[in-house]
Amino acid sequence: MEQITSLKKRLARLVSDMFGGGVGENEIFPLFESPAEPKNGELCLPCFRLAKALRTPPGEIALTVARSLSELADEKKIKEISEVKAVSGYVNLYFSDELFRSLIDELGDISRLSKLGEGKTVCLDFSSPNIAKKFHLGHIGTTVIGNALRNIFNLCGYKTVAINHLGDWGTNFGMLICAFKMWSSREKVLSDGVIELEKIYARYNKESRNDKSLEDSARAAFSSLEKGNEEYLELWRLFKEVSLNEYMKVYEILGISFDSFTGESFYTDYMPAVVEELREKGLLKTDDGASVVYLSDYNMPPALILRSDGSTLYPTRDIAAAKWRKQEYDFDKCVYVTSAGQSLHFAQWFKVVELMGYDWAGDLVHVPYGTMSFGGEKLASRTGNIIYLDDLISQAVEKAEKIIDEKNPDLKNKRETAVAVGVGAVVFGGLSAARIKDADFSWDTALSFEGDTGPYLQYTYARAASVIRKCGGDEVSIICSYSPNDGEKRLIMQLSVFEDKIRSSLKDYEPSVITRYLLDTCGVFNQFYHSSPIIRAPEDAKGFRITLTKKFLQIAGSCLDLIGMAKTQEI
RNA sequence: GCGCCAUUAGCUCAGCUGGAUAGAGUACCUGGCUACGAACCAGUAGGUCGAGGGUUCGAAUCCCCCAUGGCGUACCA
């Protein structure tokens with residue numbers, strides 16, 4: 001907020017002058033805070049640090065400052081301030097009605113935000129499921145966090161490249177090919193999709209425990225696939241196509257799109273050059289038959305580049321992919337959204353890239369998130385402890401439908417709205433807490449529609465939209481003598497920190513900052529809504545409140561967009 | 001063993017570079033729909049901020065140590 005910033009600057013200069021420049025204005029400026037309690041004003045200056053510099057008790061300083069500023073305010077020399085109080089070492093400042101009225105214009109202005117990333121490109125690697133598996137709970141963290149980050153970067157003016165680094169290569173495919181040849185058919189796979197693939201894969205896994213020869217044939221099959229066996233390649237393409245069809249449905253319902261689907265298979269051709277480069281740069285050592293880069297100087301175990309049988313590994317592929325992306329997109333940052341369990345892996349290969357001499361190693365960012373469990377147990381398809389995303393979404397949608405039938409049976413597009421709310425509840429679930437927190441999934445929480453939930457946000461949005469709809473073409477003008485009440489003041493202040501919240505979520509790669517902010521903002525709006533009539537308000541208040549409600553819709557709408565939830569006009 | 005992360009109300013979580021009486025939601029109890037939408041709002045109650053030291057005028061926040069839990073720790077991704 002430009003006006004608040006410039007006010008702070010002026011105040012800092014004034015305070016500095018009061019003490020003969022004993023403390024510089026640049027030191028005073030960052031001391032300004034927003035009081036936690038609205039009753040303490042809109043802006044405050046804690047005087048404890050000043051007390052140290054000036055060797056005067058904080059209470060005394062606060063009193064001196066308050067008295068001088070109060071005089072200036074009375075003389076209309078600081079017309080933004082209506083009242084100044086000294087309270088236990090703080091100077092509390094109350095904004096004037098005039099300032100509140102003019103702050104409204106500035107609300108929701110993102111012009112400064114959208115300059116942050118001008119001319120910069122960010123690659124975001126997220127979602128990245130392994131082919132031939134159904135989309136489940138374990139995938140939604142990376143998917144919704146990555147998508148939200150991408151939206152945040154976009155809002156801030158960055159060019160983004162959303163990359164779905166599909167897990168579409170590896171010995172698994174050898175198993176799948178063998179299993180397919182024994183128990184399945186093209187028709188079956190085409191009709192049952194990923195379910196069929198999961199089924200035969202699980203069966204192969206199970207049977208290979210008793211019959212070790214199955215493992216050998218799987219390895220042989222994959223090796224043959226790598227060498228270009230046309231029959232196997234054809235099957236691999238089928239598996240990939242069927243899986244991708246399933247994933248595209250999921251992404252469509254979540255409203256998420258990608259700029260690239262270059263998965264692991266894509267980089268196989270680029271890996272030999274990486275291995276060669278590591279060798280040339282003297283980084284590659286042989287240990288127990290495997291090729292590694294030692295990282296003991298950095299307090300990490302070695303990065304494995306080649307297995308003792310000469311085949312490549314995860315870090316090899318990631319390094320190759322990073323090099324390719326740098327060349328292709330010339331990114332300023334490349335962000336990887338994966339589980340926190342992979343932190344060491346990323347630290348290792350980031351270091352290897354640095355040792356290779358690439359200055360852009362510092363632009364690689366790992367964004368970890370916590371582990372999702374269910375019933376206190378690890379999610380695993382092997383043990384059957386798994387929740388598929390389509391089940392979760394359809395349950396949420398079903399519940400939303402039920403509630404709509406109950407509370408708003410005349411709603412026109414019921415199904416569409418129920419999907420928006422059901423999906424919103426699921427997305428919200430993935431973005432409400434700080435991403436690093438572990439979470440134990442519970443149906444009760446996931447399907448809860450009251451309190452701090454996705455439906456609460458959408459309900460509040462729809463309610464505000466409904467008010468504006470009912471005002472129709474009512475003329476909106478802010479009467480220049482209107483005196484905002486406490487609820488209106490609070491809403492203005494709440495809406496005014498939008499820009500700060502976006503900056504903070506961008507800096508920390510933390511979408512939950514926006515989710516939290518939106519929850520708080522909806523709470524403040526609801527208080528305003530309950531305490532101040534809008535449509536039936538007196539003329540002077542009406543224009544003010546309609547404008548404020550529109551600003552709320554704009555900012556809440558931006559937040560919903562950012563976290564990837566639908567903006568429900570009616571619900 | 002070593003490393004990383006977490007620990008705040010019964011439960012799920014906020015708490016900005018240290019600042020005012022540590023805040024929400026949920027669950028329990030209570031009040032508010034002939035009303036711009038009750039998927040809401042208001043109120044009561046609920047805390048030795050995991051334990052102990054230290055730095056500071058001031059610590060949930062910074063430092064040290066310990067405890068508990070999760071994850072990782074050379075041929076999976």
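Just so we're on the same page: letters track the sequence lines, and every chain starts at 1.
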Asker: Which part of the nucleic acid, if any, lies within contact of A/Gly167, taking any heavy atom under 4.0 Å across all strands shown: a base, the sugar-phosphate backbone alone, or nothing?
Answerer: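 No contact at all - A/Gly167 keeps every heavy atom at 4.0 Å or more from the nucleic acid.
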Asker: Looking just at side-chain N and O atoms, do A/Ser311 and A/Asp309 make a donor-acceptor pair shorter than 3.5 Å?
Answerer: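 Yes.
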Asker: Out of B/rA74, B/rA77, B/rG37, which has the shortest distance to the side chain of A/Leu313?
Answerer: B/rA77
Asker: Measure from CZ on A/Phe441 to P on B/rG70 and round the result to the nearest Å.
Answerer: 21 Å
Asker: Check step by step if side-chain hydrogen bond (donor to acceptor under 3.5 Å, both in side chains) holds for A/Asp452 and A/Ser432.
Answerer: CA-CA 9 Å; A/Asp452 282 358; A/Ser432 56; over 6 Å; no
Asker: B/rA9 and B/rA67: how far apart are their P atoms, nearest whole angstrom?
Answerer: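 B/rA9 and B/rA67 have their P atoms separated by 22 Å.
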Asker: Pick the closest RNA chain B nucleotide for A/Ser34 and for A/Ser88 by heavy atoms, then say which residue is nearer the 5' end.
Answerer: A/Ser34
Asker: Roughly, in whole Å, what's the span from CG in A/Leu295 to P in B/rC4?
Answerer: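 Distance check: A/Leu295 CG to B/rC4 P gives 16 Å.
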Asker: Of all the choices, B/rG37, B/rA20, B/rA39, which nucleotide is nearest to the side chain of A/Glu450 once you look at every atom?
Answerer: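 Closest nucleotide among those given: B/rA39.
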Asker: When all nucleic acid strands are considered with a 4.0 Å heavy-atom cut-off, which category describes A/Glu264: base, sugar-phosphate, or nothing?
Answerer: sugar-phosphate
Asker: Using a 4.5 Å cut-off on heavy atoms from C-beta on, say whether the side chain of A/Arg325 contacts that of A/His165.
Answerer: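 When only atoms from C-beta onward are counted, A/Arg325 and A/His165 do touch, with a gap below 4.5 Å.
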Asker: Would you mind classifying the nucleic acid contact of A/Asn92 as base, sugar-phosphate or nothing, using non-hydrogen atoms under 4.0 angstrom?
Answerer: base
Asker: When rounded to the nearest Å, what value does the distance between C1' atoms of B/rG10 and B/rC57 take?
Answerer: 37 Å
Asker: Could you tell me if A/Lys501 sits above the aromatic ring of A/Tyr517, with its cationic atom closer than 6.0 Å to the ring centre and no more than 45 degrees from the axis?
Answerer: no
Asker: OP1 or OP2 of B/rC36 versus the side-chain N and O atoms of A/Lys470: is any pair under 4.0 Å?
Answerer: no
Asker: Should A/Lys399 be listed as having a side-chain N or O under 4.0 Å from OP1 or OP2 of B/rA39?
Answerer: no
Asker: Counting heavy atoms from C-beta on, name the nucleotide in B/rC57, B/rA39, B/rC36 closest to the side chain of A/Phe48.
Answerer: B/rC57
Asker: If I take atom CG in residue A/Asp438 and atom P in nucleotide B/rC13, what distance separates them, rounded to the nearest angstrom?
Answerer: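 That distance rounds to 9 Å.
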Asker: Is the ring pair A/Phe346/A/Tyr336 parallel, tilted or perpendicular, if the boundaries are 30 and 60 degrees?
Answerer: tilted
Asker: Report yes if at least one side-chain N or O of A/Gln527 is closer than 4.0 Å to OP1 or OP2 of B/rA42; otherwise report no.
Answerer: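 Yes, within the criterion.
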Asker: What is the separation between atom CD1 on A/Ile514 and atom C1' on B/rC16, rounded to the nearest whole Å?
Answerer: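 Whole-Å distance recorded here is 15 Å.
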Asker: At under 4.0 Å between heavy atoms, what does A/Ser504 touch on the DNA or RNA strands: base, sugar-phosphate, or nothing?
Answerer: nothing
Asker: For a quick test of reading the model: is some side-chain N or O of A/Tyr517 closer than 4.0 Å to OP1 or OP2 of B/rA24?
Answerer: no
Asker: Contact class for A/Ile534 (heavy atom, under 4.0 Å): base, sugar-phosphate, or nothing?
Answerer: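 Counting heavy atoms under 4.0 Å across all strands, the contact made by A/Ile534 includes a base.
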Asker: Stacking between A/Tyr529 and the base of B/rC40 (centre distance under 5.5 Å, interplanar angle under 30°)?
Answerer: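 Answer is no, no stack.
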Asker: Rounded to the nearest Å, what distance is computed from the CG atom of residue A/Asn408 to the C1' atom of nucleotide B/rA38?
Answerer: 13 Å
Asker: Is the gap between the ring centers of A/Phe222 and A/Trp169 under 6.0 Å?
Answerer: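 So the answer is yes for these two rings.
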Asker: If you measure from the C1' atom in B/rC40 to the same atom in B/rC4, how many Å do you get, rounded?
Answerer: 43 Å
Asker: Just N and O in the side chain of A/Asn526: are any of them under 4.0 Å from OP1 or OP2 of B/rC41?
Answerer: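 For A/Asn526, the contact criterion (side-chain N or O under 4.0 Å from OP1 or OP2 of B/rC41) is met.
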Asker: Tell me if the aromatic rings of A/His366 and A/Phe350 count as close, with their centers under 6.0 Å from one another.
Answerer: no
Asker: Is the phosphate of B/rG37 approached by A/Ser466 (side-chain N or O, under 4.0 Å from OP1 or OP2)?
Answerer: yes
Asker: Quick check for you: among B/rA77, B/rA20, B/rC41, whose closest atom lies nearest to any side-chain atom of A/Tyr456?
Answerer: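 Nearest to the side-chain atoms of A/Tyr456, counting from C-beta on, is B/rC41.
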Asker: Base, sugar-phosphate alone, or nothing: which one does A/Ala464 contact when heavy atoms must sit under 4.0 Å apart?
Answerer: nothing
Asker: Inspect the contact between A/Glu499 and A/Arg503 and indicate whether a charged nitrogen and a carboxylate oxygen are less than 4.0 angstrom apart.
Answerer: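 The answer is yes: the pair qualifies as a salt bridge.
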Asker: Choosing from B/rA14, B/rA74, B/rG72, which nucleotide comes nearest the side chain of A/Val292?
Answerer: B/rA74
Asker: Between B/rC49 and B/rU61, how far is it from one P atom to the other, in whole Å?
Answerer: 10 Å
Asker: Let me know the distance between CG of A/Leu43 and C1' of B/rA20, rounded to the nearest Å.
Answerer: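 Going from CG in A/Leu43 over to C1' in B/rA20 covers 15 Å.
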Asker: Within the modelled atom types, does a donor on one side and an acceptor on the other bring the side chain of A/Lys39 and the base of B/rU21 under 3.5 Å apart?
Answerer: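 Pair found.
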Asker: Regarding A/Pro46, tell me which of base, sugar-phosphate or nothing describes its non-hydrogen contacts under 4.0 Å with the strands shown.
Answerer: nothing
Asker: Determine the contact category for A/Pro35: base if any of its heavy atoms lies under 4.0 Å from a base atom, sugar-phosphate if only primed atoms, P, OP1 or OP2 are that close, otherwise nothing.
Answerer: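 Base contact - A/Pro35 has a heavy atom under 4.0 Å of at least one base atom.
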Asker: Mind checking if A/Leu166 touches a base, just sugar-phosphate, or nothing, with heavy atoms under 4.0 Å?
Answerer: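 It contacts nothing in the nucleic acid.
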Asker: Of the options B/rA14, B/rC5, B/rC71, whose atoms approach the side-chain atoms of A/Lys378 most closely?
Answerer: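 Nucleotide nearest to A/Lys378's side chain: B/rC71.
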Asker: Residues in ring-ring contact (aromatic ring centres under 6.0 Å, His included) with A/Tyr456, at least two apart?
Answerer: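 Result, ring-ring contact (aromatic ring centres under 6.0 Å, His included) vs A/Tyr456: none returned.
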Asker: Could you state the atom-to-atom distance from CD1 of A/Ile436 to P of B/rC4 in whole Å?
Answerer: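 About 14 Å, once rounded to whole Å.
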Asker: Does B/rA14 have OP1 or OP2 sitting under 4.0 Å from an N or O in the side chain of A/Lys437?
Answerer: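 True: A/Lys437 side-chain N/O within range (under 4.0 Å) of B/rA14 OP1/OP2.
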Asker: Give the rounded distance in Å between these two atoms: CH2 of A/Trp349 and P of B/rG72.
Answerer: 20 Å
Asker: Regarding A/Asp520, tell me which of base, sugar-phosphate or nothing describes its non-hydrogen contacts under 4.0 Å with the strands shown.
Answerer: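 Nothing, no heavy atom under 4.0 Å.
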Asker: With no hydrogens and no angle check, do the side chains of A/Ser373 and A/Asp438 hold a donor and an acceptor under 3.5 Å apart?
Answerer: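 Looking only at side-chain atoms, A/Asp438 and A/Ser373 do not form any donor-acceptor pair under 3.5 Å.
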Asker: Judged by each residue's nearest nucleotide on RNA chain B, which is more toward the 5′ side, A/Lys52 or A/Arg317?
Answerer: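 Counting from the 5' end, the first nearest nucleotide belongs to A/Lys52.
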Asker: Between B/rA38 and A/Arg463, is there an OP1 or OP2 to side-chain N/O distance shorter than 4.0 Å?
Answerer: yes
Asker: Say you pick atom C1' in B/rU7 and the same atom in B/rU48; how far apart are they, in whole Å?
Answerer: 16 Å
Asker: Any idea which of B/rG37, B/rA77, B/rC5 is nearest the A/Glu570 side chain?
Answerer: B/rG37
Asker: For the P atoms, the ones on B/rA22 and on B/rU68, what distance do you get once it is rounded to whole angstrom?
Answerer: 31 Å
Asker: Assign A/Ile571 to base, sugar-phosphate, or nothing according to its heavy-atom contacts below 4.0 angstrom with the strands shown.
Answerer: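 If one applies the 4.0 Å heavy-atom cut-off, A/Ile571 turns out to touch a base.
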Asker: Measure from the side chain of A/Asn299, starting at C-beta and using heavy atoms only, and say which of B/rG3, B/rC41, B/rG37 lies closest.
Answerer: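 Selected nucleotide: B/rG3.
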Asker: What's A/Asn172 touching, base or sugar-phosphate or nothing? Going by heavy atoms closer than 4.0 Å.
Answerer: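 A/Asn172: no heavy atom of the nucleic acid under 4.0 Å.
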Asker: Distance check, C1' atoms only: B/rU44 and B/rU26, in whole angstrom units.
Answerer: 16 Å
Asker: Select one nucleotide: of B/rA39, B/rA74, B/rC71, the one nearest the side-chain heavy atoms of A/Lys407.
Answerer: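 Selected nucleotide (nearest to the side chain): B/rA39.
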Asker: Check whether any side-chain nitrogen or oxygen of A/Arg536 sits under 4.0 Å from OP1 or OP2 of B/rC36, and answer yes or no.
Answerer: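 It does, given that an N or O in the side chain of A/Arg536 lies less than 4.0 Å from OP1 or OP2 of B/rC36.
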Asker: Is there a side-chain polar atom (N or O) of A/Tyr459 under 4.0 Å from OP1 or OP2 of B/rA39?
Answerer: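 Yes, such a contact exists.
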Asker: Looking only at atom P, what distance separates B/rC66 and B/rG1, rounded to whole Å?
Answerer: 11 Å
